[in-house]
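To start, the structure under review is shown below, and the notes come after it.
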There are 2 protein chains.
Amino acid sequence: MTAPVCSDCAVRDRALCGALDDVQLGALNRLGRRRRLAAGERFAWAGDESDVCANLLSGILTLTTSSLGGEEQIVGLLYPADFVGRPWATRADFTVTALAPAELCVFPREGFERVLAEHPAMERLLLERTLAALTEARGRMLTLARGSAEARIAGFLLDIAARAGGCSGAPGLPVTFDLPLDRAGIARLLGLTIETVSRRLTRFERDGLVRLPARRAVTILDPDALARLAAG
Amino acid sequence: MTAPVCSDCAVRDRALCGALDDVQLGALNRLGRRRRLAAGERFAWAGDESDVCANLLSGILTLTTSSLGGEEQIVGLLYPADFVGRPWATRADFTVTALAPAELCVFPREGFERVLAEHPAMERLLLERTLAALTEARGRMLTLARGSAEARIAGFLLDIAARAGGCSGAPGLPVTFDLPLDRAGIARLLGLTIETVSRRLTRFERDGLVRLPARRAVTILDPDALARLAAG
DNA sequence: CGAATGCTTGAAATTCGTCAAGATCCGTGG
DNA sequence: CCACGGATCTTGACGAATTTCAAGCATTCG
């Protein structure tokens, strides 16, 4: 727990705080506390009372709901600069878990709500991001409802590739990256089983669409074919 | 196209406008135009430019995306008092279609954005609703990813029952209501085929969980059993 | 009455999950 | 350096659930 130093923040201009100038940032500076999460550690539990929200500084978080059978379904991934939590809600909707070591800038919810009210530009930014997240969630519903296992996994690989290796390499060149999730995680994200994920990935490799150099590593050899499969 | 009469509006205090007092409503009054949609008529097309948003006054709308196979997936239902469209976005994310004759209060997007900026209470309300919609969409992802056909349909019936016949009847008494969708619509909403929907509904009736007095009509006989199926 | 639409039903095919076994990777300690 | 053990991943065989394909029924409307 270190006092935050906003001017030195890795996501200073990408997170919600980007709506504030250096002076206004002072209010947040006094509110926020940094917190580190180890891989697998949880930040919130679905259904529990929660009076905090946060900006994600580094690492990746998952949002999960558990069906009554105890099975967890991942309903969202959070990346650095993303906002965590739900202002004006007293209970957490989802369980928040760190996939990898993560760092958060945590605010008391009520204090954060006051800051939002005082800084319309920040509230506006949160609204726009929430609208975008809603659109993305609805888009993912399409995949989960209709797509075959093949389509879901192809789309997942392209998503991660765009996010992880997006900036590297010219189009046409193979892109290599590390998956943020193990096979079980992919299964929980896509609503499949570990076995199906494994089988489909090996088949992609057998068919020359990807290469799997290591457990977590993937090289995209034929993004166009993957895109065709993802489209159904 | 009639000039709106906000004081006489059916959703005056449930829609976003509920955040405004009668005087402030004047600005919206000048902006809004009523528009009627026939059943099946479309209000927006996914991917097209869109410079309007609206409040739904009556009727039911669907939000759909079409996968490249031409198949449409329903990603959301909109009921009276719900907000339609996405401020600050120049393109429509989803196709908006009237399931039944509907009436909208339509605003030019940019004018509406100005009203939002001038009335923080309304922007706040939109933010809270968007956050709620996001939570709901993520919850539905669980159903679509993991739930069996049986669970999806049971949950759907309970959802509609709660919304349509929710206020009528004591607990324990059978509730009867009309489905807003035909079999094909239910299939598109739940990510199933028409045949599966039909088979499951017939089996529910055979097992005494529901009665199906007419094409669109449903009587819930055993809501607890349905809830168990939906959960599991 | 007849045609059109929407709904139901049946049989075959497919996909995915389940169960079970085996292989590979990786850290630990001998 | 190598052997061991646990975790993760792969592979196979089987079964259940859903889709697909194909009729047939019923309701509505001209």
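Note on naming: letters A, B, ... go to the chains in the order of the sequence lines (proteins, then strands), and numbering restarts at 1 for each one.
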* Could you please name the option among C:dC7, D:dT20, D:dA7 that lies closest to any side-chain atom of B:Arg183? => C:dC7
* To do: Quickly work out the A:Leu212 CG to D:dT10 P distance and round it to whole Å.
  => 7 Å
* Asked: OP1 or OP2 of C:dT9 sitting under 4.0 Å from any side-chain N/O of B:Thr202?
  -> yes
* Structure fact -> Separation of C:dG17 atom C1' from A:Arg152 atom CZ, nearest Å, is 12 Å
* How many angstroms lie between atom CG of B:Leu226 and atom CG of B:Leu157, to the nearest 0.5 angstrom? -> 6.0 Å
* Whole angstrom value for the distance that separates C1' of D:dG6 from CG of A:Asp182 -> 15 Å
* Round to a whole Å and report the spacing from CZ of A:Arg188 to P of D:dC9. => 11 Å
* Structure fact -> From the candidates C:dC16, D:dT20, D:dT18, the one with an atom nearest any side-chain atom of B:Glu195 is D:dT20
* Starting at the 5' end of DNA chain C, which residue's closest nucleotide do you reach first, A:Gly147 or B:Ser198? -> B:Ser198
* Asked: A:Leu192 or A:Ala214: which one's nearest nucleotide on DNA chain C is closer to the 5' end?
  -> A:Leu192
* Using a heavy-atom cut-off of under 4.0 Å over every strand shown, decide if A:Gly191 touches base, sugar-phosphate, or nothing. => sugar-phosphate
* Structure fact -> Of A:Arg199 and A:Arg216, the one whose nearest nucleotide on DNA chain D sits closer to the 5' end is A:Arg216
* To do: Kindly determine whether B:Arg188 and B:Thr64 satisfy side-chain hydrogen bond (donor to acceptor under 3.5 Å, both in side chains), including the steps that lead there.
  => CA-CA 9 Å; B:Arg188 285 202 305 273; B:Thr64 59; over 6 Å; no
* **Stepwise side-chain contact (heavy atoms from CB on, under 4.5 Å) test for B:Leu221 and B:Leu209** => CA-CA 5 Å; B:Leu221 297 177; B:Leu209 303 185; 5.9 Å; no
* Atom-pair distance (CG on B:Leu190; C1' on D:dT18), nearest Å -> 14 Å
* From D:dT18, C:dC16, D:dT19, pick the nucleotide closest to the side chain of B:Arg200? -> D:dT18
* Asked: Within 45° of the six-membered ring axis of B:Tyr79 and under 6.0 Å from that ring's centre, is NZ or CZ of B:Arg163 located there?
  -> yes
* Nearest whole angstrom, please: distance from the P of D:dA17 to the CD1 of B:Ile153. => 14 Å
* **Nucleotide D:dC21, atom P - distance to CD1 of B:Ile194 in whole Å** => 14 Å
* Which of these, A:Leu189, A:Thr196, A:Thr143, A:Val197, sits in a side chain to side chain contact (heavy atoms under 4.5 Å, CB included) with A:Arg152? -> A:Thr143
* Asked: What nucleotide, of D:dT18, C:dC16, C:dC7, holds the atom closest to the side chain of B:Arg215?
  -> C:dC7
* To do: Report the distance from atom CG of B:Leu99 to atom C1' of C:dG6, rounded to the nearest whole Å.
  => 16 Å
* How is A:Leu201 classified with respect to the nucleic acid when contacts are heavy atoms under 4.0 Å: base, sugar-phosphate, or nothing? -> nothing
* Structure fact -> Winner on side-chain proximity to A:Thr196, out of D:dT10, C:dT8, C:dC16, is C:dC16
